[in-house]
Number of protein chains: 2
Amino acid sequence: MANSHLPLDSFMPYRLSFTAGLVSEHIAHAYETQFGIDVPQWRVLAWIAERDGITQQEICQRTRMDKVSVSRAAIALNRRGLVERRPHARDGRSHMLALTPSGISLYEQIVPRARELESRIFAQFSDEEREGFMAILRKIDAAATALHKAGTPGHPPDDRQWPEALDE
Amino acid sequence: MANSHLPLDSFMPYRLSFTAGLVSEHIAHAYETQFGIDVPQWRVLAWIAERDGITQQEICQRTRMDKVSVSRAAIALNRRGLVERRPHARDGRSHMLALTPSGISLYEQIVPRARELESRIFAQFSDEEREGFMAILRKIDAAATALHKAGTPGHPPDDRQWPEALDE
DNA sequence: CAAAACTGGTATCATTTGACACCAATTTTG
DNA sequence: CAAAATTGGTGTCAAATGATACCAGTTTTG
């Protein structure tokens with residue numbers, strides 16, 4: 001087993017997930033306690049702010065959230081009077097989402113706070129480092145997406161390799 | 001609102017979480033279909049492989065998993081005959097976890113596959129880039145952890161700023 | 001050394017999350 | 001242009017996750 005050792009701690013996907021979780025937790029807590037909004041809601045809100053009149057499934061595409069989560073977040077935001085859902089001109093099934101005045105106002109409160117949180121965590125890095133870091137993240141996205149489409153070669157659909165469940 | 005604009009897409013915590021999610025999904029799917037093991041189980045397994053005789057809450061500390069998840073994973077792994085739970089010599093409440101032969105064997109099957117997945121995703125980067133990337137992740141961990149302990153200054157426990165829930 | 005405070009681990013319950021089925025509107029096809 | 005297939009969005013149900021309560025064993029304290 002000596003040779004097959006893999007220190008989880010330096011296994012990239014693990015580290016990535018670990019750090020992301022840590023940061024997420026921190027941010028989520030801040031949004032929750034300070035603005036009463038959860039992360040999915042924040043994401044939806046932010047994308048609407050960015051592209052007025054965006055539809056729900058456009059948000060799905062950009063965020064990788066599934067449509068159910070987006071739907072729930074949109075409904076919640078609407079209930080709170082933060083977003084408005086206008087009928088879509090060309091497609092009767094769809095909604096065009098837009099911020100209401102109070103949605104805008106909340107967004108404007110959150111943004112500086114978000115920037116502050118971000119810069120607290122990333123304060124120690126130079127602009128070059130941040131840029132480089134971001135660039136790598138984007139490349140990883142591209143690679144992972146490409147792989148995903150390609151499937152996992154060498155492993156046909158149903159080649160389970162583990163002993164039949166001793167469970168139950 | 002012009003000025004308070006924040007492109008989510010270049011907001012670091014978002015990007016981090018986005019990429020980590022993407023990679024996680026990919027990895028999780030591979031473990032699941034090829035070895036019938038989920039991510040929490042894999043993490044527990046890997047830590048046991050690394051430190052034979054580790055206890056559950058040591059795993060909690062190292063992985064940030066909560067003790068319930070670790071417990072569940074440990075029980076599942078035990079049921080499958082992959083890990084053994086010996087009584088702890090000095091503490092009757094605790095278990096010392098160790099891999100059984102088939103646990104070792106499974107681990108040894110997973111490791112090369114994990115390395116392969118990792119290298120597929122990170123193939124395009126030089127060693128320096130990877131090192132740098134890892135280093136940044138670790139620094140972020142440190143910063144986030146420090147902040148977490150410090151709390152969020154400037155915001156006393158209960159200063160909600162959002163309008164009372166229009167929900168329901 | 002008994003009582004109180006604490007800790008490792010598990011069971012239980014509530015909440016979150018996502019998979020699936022479904023509806024209405026739209027697009028495609030023959 | 002009707003029938004079939006597709007798509008945006010939501011309701012519903014099932015699995016995953018986390019908070020809380022709890023139990024047994026351990027440490028602390030008076």
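Every chain is numbered from 1, with letters handed out A, B, ... down the list of sequences. Predicted, not measured: the structure shown is a model, and the values here were computed from it.
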What nucleotide, of C:dG9, D:dG18, C:dG18, holds the atom closest to the side chain of A:Ser69?
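Closest nucleotide among those given: C:dG18.
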
Out of D:dG11, D:dT20, C:dG9, which has the shortest distance to the side chain of A:Ile75?
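Ranking D:dG11, D:dT20, C:dG9 by closest atom to the A:Ile75 side chain puts D:dG11 first.
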
Would one find a side-chain N or O of [X] under 4.0 angstrom from OP1 or OP2 of [N]?
X       : N      : answer
A:Gln57 : D:dG8  : yes
B:Arg85 : C:dT10 : yes
B:Ser71 : C:dG8  : no

Looking across every strand, which nucleic acid part, if any, lies under 4.0 Å from B:His95 by heavy atom: base, sugar-phosphate, or nothing?
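Counting heavy atoms under 4.0 Å across all strands, the contact made by B:His95 is with sugar-phosphate only.
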
What's B:Asp38 touching, base or sugar-phosphate or nothing? Going by heavy atoms closer than 4.0 Å.
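No contact.
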
Taking atom [atom2] of [N] as reference, at what distance in whole Å does atom [atom1] of [X] sit?
X       : N      : atom1 : atom2 : answer
A:Gln41 : C:dT16 : CD    : C1'   : 13 Å
B:Arg72 : C:dA11 : CZ    : C1'   : 10 Å
B:Glu25 : C:dA19 : CD    : C1'   : 13 Å
A:Leu97 : D:dG8  : CG    : C1'   : 12 Å
B:Gln61 : C:dG9  : CD    : C1'   : 14 Å
B:Met65 : D:dT17 : CE    : P     : 9 Å
A:Ile59 : D:dG9  : CD1   : C1'   : 13 Å
B:Arg93 : C:dA5  : CZ    : P     : 17 Å

Between [X] and [Y], is there a side-chain N and carboxylate O pair less than 4.0 Å apart?
X        : Y        : result
A:Glu116 : A:Arg113 : yes
B:Arg43  : B:Asp38  : no
B:Arg86  : B:Glu84  : yes

Using the six-membered ring of B:Phe18, assess whether NZ or CZ of B:Arg15 lies under 6.0 Å from its centre and within 45 degrees of the ring axis.
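Yes.
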
Heavy atoms, side chains only, cut-off 4.5 Å: are B:Val39 and B:Ile27 in contact?
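Heavy-atom side-chain distance check fails, nothing below 4.5 Å.
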
In terms of the nearest nucleotide of DNA chain C, which residue is placed more toward the 5' end: A:Pro40 or A:Gly92?
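This one resolves to A:Pro40.
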
